[in-house]
Undergrad: 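Dropping a structure here in structure tokens format, bear with me for questions.
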Amino acid sequence: MDEQQQKNYDAWGYLDQALFTSSHVKAKDIKMGSTDWDNVYPTSPEEIDRMEDLIQQAQASADDPNDEQFNERIRDLKEVVHYSRKRHRTWKLALIAGSILGACIFWYFSNLDQESVQNRQKDVKIVELWQKADTTIAYQKMDTVLWERNLNYNERLNGANAYKAYYLTDYNQRAESSRLNSAKYKQQADTASTDERKKAYLKSSEKEQEDYEKYKKRFEELAAKDFKAVKELALKDTQGAVDSMKSSSNTKRAWMIYLIVLIPLYIISGYPRGYILSRHRRQASLMRGLQKWGFRLAAFFFGVGLAMQLLPDDIVKYRYSNGYTETRREVNPANFIYIVMKIGLMVVGVFIFCFISVFIMTFETVTGLIRNFNWQEILSKKTQPQS
């Protein structure tokens, strides 16, 4: 120990104690007499008060208060105290941008759902204006199973008969498809080379037979309905579509409102005191890592999609019977796939960017509101009667 430190021996002892005030300091660090500077920062108001008190004791007991090394250590520790008591901005504009983008996306698709609601409500009005008609339709056995589900779908609301015929055709085709498949699997089971394959074919045959019975039953139940029952079913169907679209729109609007409310709460809760940052430094490091790699992944997908080049146009040479030739430039049909991939990759990138932003903002807002405010004191002040 040099002469200057010998003069301030007791004062240096207080400063050494101040270095080990934080709960981040391990017992082995105290035993060794040294620790990383990051571990010096207090993690609670009590630790800050303890460190500040030791600094004051060191200053009061100094034999040579003008010693340069001594004063440098005092300044360093006072900066630690100042940092620990002060509030620091932790909210990030990049995360807020992701939340704003997400809110805009929810707003856009909510409006699309609202447009769908208006269209579905027109379907309800159409059904309400149906004219009464005979709706008797018998079950027809059909051997042809090649059928498009959307066949005449938009025309099913033209009347009770059209609606009933559409869904009866649906059930009829499904039933006949299942019946034929059941017979096919049963035949394959009879010629199976192993017991295991035979068991699998029989199981598939039973499943198809169950589907056949299910769809035939649905056909018979619908076939028995008169005009009033068919109309009630159609109203339930169309009104259900309206309710579904409303629910979808309301859900998206709720998420939009959530993100709008989240932004100011995130900013308000984003001013923790230094000791809180020191206490939860591992969590902060984890969130920084999540943002870093999440944004990199989002940028990768978006960038790859943006940079994806379309295939060059095809140069096609036509030769006619009269000997005339013509060369045309035609769009490469494979570009459709590239465009879908291009848009898809960019959408994935935007989704990851928004998801990471909202997730981190939600997590940090909840933890920030809990940690950065003394709610017991705030609530007690509100409940106290005013004099």
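Values below: all heavy atoms of this structure, side chains included; hydrogens, waters and symmetry mates excluded. For this chain, numbers begin at 1 and follow the sequence in order. These figures come from a predicted structure and were not determined experimentally.
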Undergrad: Is there side-chain contact between L95 and F295, with heavy atoms separated by less than 4.5 Å?
TA: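 Yes - at least one pair of side-chain heavy atoms lies under 4.5 Å apart.
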
Undergrad: Salt-bridged, D190 to K186, with N to O below 4.0 Å?
TA: no

Undergrad: Should the ring pair Y41 and W37 be called parallel, tilted or perpendicular, given that the plane angle runs from 0 to 90° and is split at 30 and 60?
TA: perpendicular

Undergrad: Does a sphere of radius 6.0 Å around NZ in K78 hold more than 12 heavy atoms from other residues, nucleotides or ligands, not counting ones at 6.0 Å or beyond?
TA: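 Open: at most 12 neighbouring heavy atoms sit under 6.0 Å from NZ of K78.
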
Undergrad: Quick check: do Q118 and M245 have side-chain heavy atoms less than 4.5 Å from each other?
TA: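 No, side chains not in contact.
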
Undergrad: Quick check on F359: does its CZ atom have over 12 non-hydrogen neighbours (other residues, nucleotides or ligands) under 6.0 Å away?
TA: no

Undergrad: Near F351 CZ, under 6.0 Å, is it more than 12 heavy atoms from other residues, nucleotides or ligands?
TA: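 Counting other residues, nucleotides and ligands, CZ of F351 stays at 12 neighbours or fewer.
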
Undergrad: Within a radius of less than 6.0 Å around OH of Y167, do more than 12 heavy atoms belonging to other residues, nucleotides or ligands occur?
TA: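 Buried by this count: over 12 neighbours within 6.0 Å.
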
Undergrad: Determine whether the side chains of S248 and K252 contain a donor N or O and an acceptor N or O closer than 3.5 Å.
TA: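 On atom types as modelled, these side chains qualify, holding a pair under 3.5 Å.
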
Undergrad: As an exercise, state the distance from SG of C354 to CZ of F106, rounded to the nearest 0.5 Å.
TA: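 Between atom SG of C354 and atom CZ of F106 there are 8.5 Å.
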
Undergrad: I'd like to know if D49 pairs up with R85 as an ion pair, taking the criterion as any Lys NZ or Arg NE/NH1/NH2 lying under 4.0 Å from an Asp or Glu carboxylate oxygen.
TA: yes

Undergrad: Taking all non-hydrogen atoms of both residues into account, name the closest pair between A11 and F70 and its distance.
TA: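 Where A11 meets F70 most closely, the heavy atoms are CB-CE1, 3.4 Å.
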
Undergrad: If you count the non-hydrogen atoms of other residues, nucleotides and ligands that lie under 6.0 Å from OH in Y271, is the total more than 12?
TA: yes

Undergrad: Testing the 3.5 Å rule here: is there a donor-acceptor pair between the side chains of S249 and S110?
TA: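 Looking only at side-chain atoms, S110 and S249 do form a donor-acceptor pair, the distance falling under 3.5 Å.
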
Undergrad: Kindly compute the distance separating CD (E52) from CG (L54), expressed to the nearest 0.5 Å.
TA: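 Separation between the atoms: 10.5 Å.
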
Undergrad: Report yes if some heavy atom in the side chain of R279 is under 4.5 Å from a heavy atom in the side chain of Y275; otherwise report no.
TA: yes

Undergrad: Check the side chains of S23 and T43 for a donor-acceptor pair under 3.5 angstrom, ignoring hydrogens and angles.
TA: yes

Undergrad: For a quick check under 3.5 Å, do T21 and R50 share a side-chain donor-acceptor pair by atom type?
TA: no

Undergrad: Applying salt bridge (Lys or Arg N to Asp or Glu O under 4.0 Å) to E206 and K203, what does each step give before you reach the verdict?
TA: CA-CA 5 Å; E206 292 175 1; K203 185 176 181 180; over 6 Å; no

Undergrad: Quick one: do the Q57 and D53 side chains pair a donor with an acceptor below 3.5 Å?
TA: yes

Undergrad: Any idea which heavy atoms bring W130 and A234 closest together, and the distance?
TA: CH2-CB, 3.4 Å

Undergrad: Measuring only between side-chain heavy atoms, which start at C-beta, is P272 closer than 4.5 Å to N372?
TA: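 Side-chain contact under 4.5 Å: yes.
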
Undergrad: For S205 and S182, does a side-chain donor sit closer than 3.5 Å to a side-chain acceptor?
TA: yes

Undergrad: Should R273 and K86 count as side-chain neighbours, where that means a heavy-atom distance under 4.5 Å?
TA: no

Undergrad: Assess the pair F219 and Y215: is the distance between their ring centroids shorter than 6.0 Å?
TA: no

Undergrad: Is any side-chain N of the basic residue among K184 and E208 closer than 4.0 Å to the acidic one's carboxylate O?
TA: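 No salt bridge links K184 with E208.
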
Undergrad: Distance only, no hydrogens: is a donor on one side chain within 3.5 Å (strictly under) of an acceptor on the other, for E176 and N172?
TA: no

Undergrad: Between the side chains of D211 and K207, is the shortest nitrogen-to-carboxylate-oxygen separation below 4.0 Å, so that they form an ion pair?
TA: yes

Undergrad: Any side-chain heavy atom of L77 within less than 4.5 Å of one from V40?
TA: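 The answer is yes, as the side chains (C-beta and beyond) meet within the 4.5 Å cut-off.
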
Undergrad: So does E213 pair up with K216, basic N to acidic O under 4.0 Å?
TA: no

Undergrad: Counting only heavy atoms not in W255, do more than 12 sit closer than 6.0 Å to its CH2 atom?
TA: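 No, not enclosed.
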
Undergrad: Is the closest side-chain heavy-atom distance between L222 and R218 below 4.5 Å?
TA: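 In short, these two side chains do not touch, never coming nearer than 4.5 Å.
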
Undergrad: Report all side-chain donor-acceptor pairs from residues 258-267 shorter than 3.5 Å, counting only partners two or more places apart or in another chain.
TA:
from	atom 1	to	atom 2	distance (Å)
Y258	OH	T362	OG1	2.7
Y266	OH	K92	N	2.9

Undergrad: Do other residues, nucleotides or ligands put more than 12 heavy atoms under 6.0 Å from the CZ atom of F373?
TA: yes

Undergrad: Any non-hydrogen side-chain atom of R197 less than 4.5 Å from a side-chain atom of Q188?
TA: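 Counting from C-beta outward, R197 and Q188 never come under 4.5 Å.
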
Undergrad: More than 12 heavy atoms of other residues, nucleotides or ligands under 6.0 Å from CD1 of I337: is that the case?
TA: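 Incorrect, the count does not exceed 12.
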
